Amino acid sequence: MAKLSFNGTGTAYAGSPHSLAMCNASVKDFTAISRRLKRVDIRNTDCFKLIKTCNKTLDEKTYPGGVLFYLDPPYDQTHGYRTASKKLDFDWPEHKKLHGFCVEIDKAGNKFIQTNSATDRLYELYSDFTCIHRDVYYKVSKDSDSRGDTKELIIANFDITKETTASIGGLFG
């Protein structure tokens with residue numbers, strides 16, 4: 001999908017739209033990906049409903065690693081998140097509520113990774129979890145003043161600096 005999506009290069013993510021003509025989508029690639037995704041459940045819905053529904057303690061033999069939640073909420077202290085029909089309201093109370101749900105994910109023996117803004121209040125809120133920051137450059141944004149260097153926070157309930165994709169069931173491995 002990354003090869004064929006917006007700004008795909010055919011060889012890596014986020015290249016030039018002019019390189020789309022070079023995209024090669026092989027049947028072998030799609031077959032390998034479809035095999036790997038057979039037991040993967042991908043959903044796009046309200047995060048609180050999703051966590052309530054999917055945060056279950058699972059048999060470790062059948063489901064090694066349990067459920068992995070990738071959480072990408074509207075970033076803290078940013079603005080302008082909208083759908084086609086409405087403005088999204090996800091402010092500090094929702095961030096605190098999401099933290100509570102992350103505690104519940106951890107208690108159930110499942111894993112989560114969340115990306116967010118690197119704000120002091122998020123570092124403090126998630127101090128009981130692994131928090132690392134990374135420097136990023138936003139190249140694509142509807143507003144030119146939103147592009148540029150910034151910091152993101154990666155939050156997890158496991159040490160993401162030591163675990164390998166093999167130990168948590170890498171997407172294609």
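Quantities reported herein were computed from a predicted structural model and do not represent experimental measurements.
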Determine whether Asn110 and Asn55 satisfy the following criterion, side-chain contact (heavy atoms from CB on, under 4.5 Å), listing intermediate values before the conclusion. CA-CA 7 Å; Asn110 294 313; Asn55 189 33; 2.8 Å; yes
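- By the 30° and 60° cut-offs, the orientation of the rings of His99 relative to Tyr126 is perpendicular.
- Using a 4.0 Å cut-off between charged side-chain N and carboxylate O, Glu104 and Lys107 make a salt bridge.
- Lys52 NZ to Asp46 CG: the interatomic distance, rounded to the nearest 0.5 Å, is 8.5 Å.
- What you find for Leu125 and Lys96 is that their closest heavy atoms are CD2-CA, 4.1 Å.
- With rounding to the nearest 0.5 Å, the separation of CZ in Phe30 from CZ in Arg35 is 14.0 Å.
- Thr57 places a side-chain N or O within 3.5 Å of a backbone atom of Ala108 that can act as its donor or acceptor partner.
- For Asp106, the salt bridge (Lys or Arg N to Asp or Glu O under 4.0 Å) test picks out no residue, with sequence neighbours left out.
- Criterion: ILVMFWY side-chain heavy atoms under 4.5 Å apart, direct or through other members. Under it, Val40 and Ile33 are part of a common hydrophobic cluster.
- Contact of the Val67 side chain with the Leu58 side chain is registered, since non-hydrogen atoms from C-beta on lie closer than 4.5 Å.
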Stepwise side-chain contact (heavy atoms from CB on, under 4.5 Å) test for Ile160 and Ile154: CA-CA 9 Å; Ile160 56 178; Ile154 302 171; 3.3 Å; yes
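- In this view, Phe69 satisfies the ring pair (Phe, Tyr, Trp, His ring centres under 6.0 Å) rule with no residue, not counting sequence neighbours.
- Residues Leu71 and Cys102 share a closest heavy-atom pair of CD1-SG, 3.7 Å.
- With values rounded to the nearest 0.5 angstrom, Phe48 atom CZ is found 6.5 Å from Glu94 atom CD.
- Expressed to the nearest 0.5 Å, how far NE2 of His133 lies from CD of Glu152 amounts to 11.0 Å.
- Residues Ser117 and Leu153 form no side-chain contact, since every pair of their non-hydrogen atoms from C-beta on lies 4.5 Å or further apart.
- Smallest separation of non-hydrogen atoms from Tyr70 and Thr115: OH-OG1, 3.0 Å.
- Judged purely by atom type and a 3.5 angstrom limit, Asn157 has no side-chain atom pairing as donor or acceptor with the backbone of Ile105.
- Judged as a ring pair (Phe, Tyr, Trp, His ring centres under 6.0 Å), and not counting sequence neighbours, Tyr123 has no contacts.
- Residue Asp72 qualifies as enclosed at atom CG: its count of foreign heavy atoms under 6.0 Å is above 12.
- The line from CD of Gln114 to OH of Tyr75 is 8.5 Å long, rounded to the nearest 0.5 Å.
- The backbone N or O of Pro74 sits less than 3.5 Å from a side-chain atom of His95, completing a donor-acceptor pair.
- For the pair Phe112 and Phe158, the tightest heavy-atom approach, listed with the atom from each and the gap, is O-CE2, 3.7 Å.
- Taking every heavy atom of both residues into account, Arg43 and Leu50 meet most closely at CD-CD1, 3.4 Å.
- At least one donor-acceptor pair under 3.5 Å links the side chain of Asn116 to the backbone N or O of Asp76.
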